[in-house]
Amino acid sequence: MPIRSHAPSAPAAGPAAAPATRRRVLAAALAVGAGIALATPLTAGTAVAASTTCLNGTLAFDHNDAEAGTHKPLVTQRARNSNWELWGRRTASGQVERLSSGLTGATDGRFSACHTGTAAPRDVHVRFFSSAGTLWRVVGAGTAKQGDPNWKNETQYTFTTATRNTPAAATDLGTVKVPRAMQQAWKITDTLNQLYSKRGSGSLCWTAHQSSACDPLTVAWRQDGSSGGYWDHPSFPGDTSDGTDWVVLKADDPDSKHLILHEAGHWFQWQLHNKQWPPVRDCNGHSLDKGASAACGWTEGFANAVAAYALGDSRYTFSTGDSYDLLDQRVVGGWGKGDWVEGRVAAALLELWGPNGPDGGNWNRTLKLMNTYVSGDFKQYFTQHRPLAGLSTTGAARTIINRNTIVY
């Protein structure tokens with residue numbers, strides 16, 4: 001097995017942690033989640049009155065919320081930007097076929113699955129998928145090839161609503177709940193909206209390296225997953241393992257949004273570097289509070305910062321619900337020091353990008369830097385590449401890294 005980029009383990013003094021760490025543009029429907037109306041057909045040159053039928057509702061899922069604490073309460077959340085398809089018969093004697101498709105609402109998870117034709121459709125239902133356009137997807141619902149781990153298949157999770165034989169023109173389905181056995185797949189799909197909305201690419205794609213043919217982010221998850229909690233990528237030059245470049249999660253890993261976004265953050269850094277990756281070694285058994293290597297501190301620290309920045313906080317939360325505030329000196333005071341420690345790197349980045357930081361109140365200039373330069377560690381990022389990108393290394397910037405025990 002190759003050495004993977006795993007989620008961090010908890011500080012030694014803390015509670016036990018979870019195990020350590022294609023192609024179409026998502027169109028305007030991503031923003032509005034609207035149904036796609038089909039063109040009104042014509043017969044013998046004479047306009048025929050159109051009939052529109054819509055199945056309306058809100059897609060939602062239940063999930064255990066690790067961010068709320070170790071008791072992980074069961075909460076209901078709306079599923080945003082989730083793919084749907086309307087299926088049915090155009091006529092009473094017709095074949096069942098896809099009639100329209102779209103995405104649930106970007107803010108409220110609502111859908112309006114409509115068909116316009118010469119007659120009202122029959123036997124209609126809505127099918128939902130664990131994906132958002134073709135920009136990200138959750139797979140693992142199928143059967144893997146012999147010899148592969150059980151998560152390694154490209155089948156998305158999907159389910160359908162009950163069939164309506166003769167639906168009214170406007171049929172309200174109310175709140176449609178994701179089945180319990182697959183609700184984690186929709187939690188992952190929904191959580192990735194948090195990162196996508198802050199991608200700073202200037203296009204619909206994840207990074208500035210692409211503008212139309214966008215690489216998708218794939219997350220493999222199974223409740224009975226044979227492994228999980230890592231980004232499946234060869235770790236260093238000379239590693240010939242056949243990584244999928246997927247994020248791999250299992251069981252209750254998705255209880256933590258931070259864990260989901262941490263692993264997605266590794267993929268995001270790789271994309272920012274135009275599919276290059278720093279030469280990372282000696283990262284096995286890394287943790288928030290102890291150093292493993294400079295490159296490990298950098299890549300894991302960046303992934304921790306991605307998760308916190310995307311969620312708008314300064315924490316790392318494990319799937320157990322155990323949480324550590326990376327900027328709270330009462331929490332981190334006894335941690336290891338320097339840029340080998342991922343918790344220190346993450347905290348420094350969050351302060352640099354923060355509302356009172358020297359980088360303009362966001363991470364956009366660092367993302368632009370990473371589109372051009374592949375930093376091997378935090379020291380190279382700070383001392384060499386920040387000046388080349390017009391970012392400060394003195395004054396407030398130096399005070400921030402020093403406060404986080406990083407001194408150059």
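Here the structure is a predicted model, which is why all the values come from computation and not from measurement.
Remark: P149 engages W151, K152, S226 in a side chain to side chain contact (heavy atoms under 4.5 Å, CB included) (not counting sequence neighbours). In this structure, N402 has no side-chain hydrogen bond (donor to acceptor under 3.5 Å, both in side chains) partners at least two apart in sequence or on a different chain. With sequence neighbours left out, the side chain to side chain contact (heavy atoms under 4.5 Å, CB included) criterion links K72 to N64, A66, D255. With sequence neighbours excluded, no residue forms a side-chain hydrogen bond (donor to acceptor under 3.5 Å, both in side chains) with Q329. In this structure W206 satisfies the ring pair (Phe, Tyr, Trp, His ring centres under 6.0 Å) test together with W136, Y196, W267, sequence neighbours excluded. Legend: residues meeting ring pair (Phe, Tyr, Trp, His ring centres under 6.0 Å) with F159, ordered by chain and number and at least two apart, are F128, W186. Listed by chain and residue number, V138, Y157, Q184, A185, I188, Q223, L249, P254 satisfy the side chain to side chain contact (heavy atoms under 4.5 Å, CB included) test with W221 (two or more places apart in sequence, or in another chain).
Remark: side-chain polar atoms of R137 are not paired, donor with acceptor, to backbone N or O of T189 under 3.5 angstrom.
Screening residues 382-403 for salt bridge (charged side-chain N to carboxylate O under 4.0 Å, His left out) gives E351-R403, D359-R386 as the qualifying pairs, with residues at least two apart or on separate chains. Listed by first and then second residue, the salt bridge (charged side-chain N to carboxylate O under 4.0 Å, His left out) pairs that reach into residues 124-133 come to none, sequence neighbours excluded. Sequence neighbours left out, the pairs with a member in residues 183-195 that pass salt bridge (charged side-chain N to carboxylate O under 4.0 Å, His left out) are R80-D190. Residue pairs meeting the disulfide (SG to SG under 2.5 Å) criterion with at least one member in residues 362-408, sequence neighbours excluded, do not occur. For residues 295-393, every residue pair satisfying the disulfide (SG to SG under 2.5 Å) rule, not counting sequence neighbours, is listed here: C283-C296.
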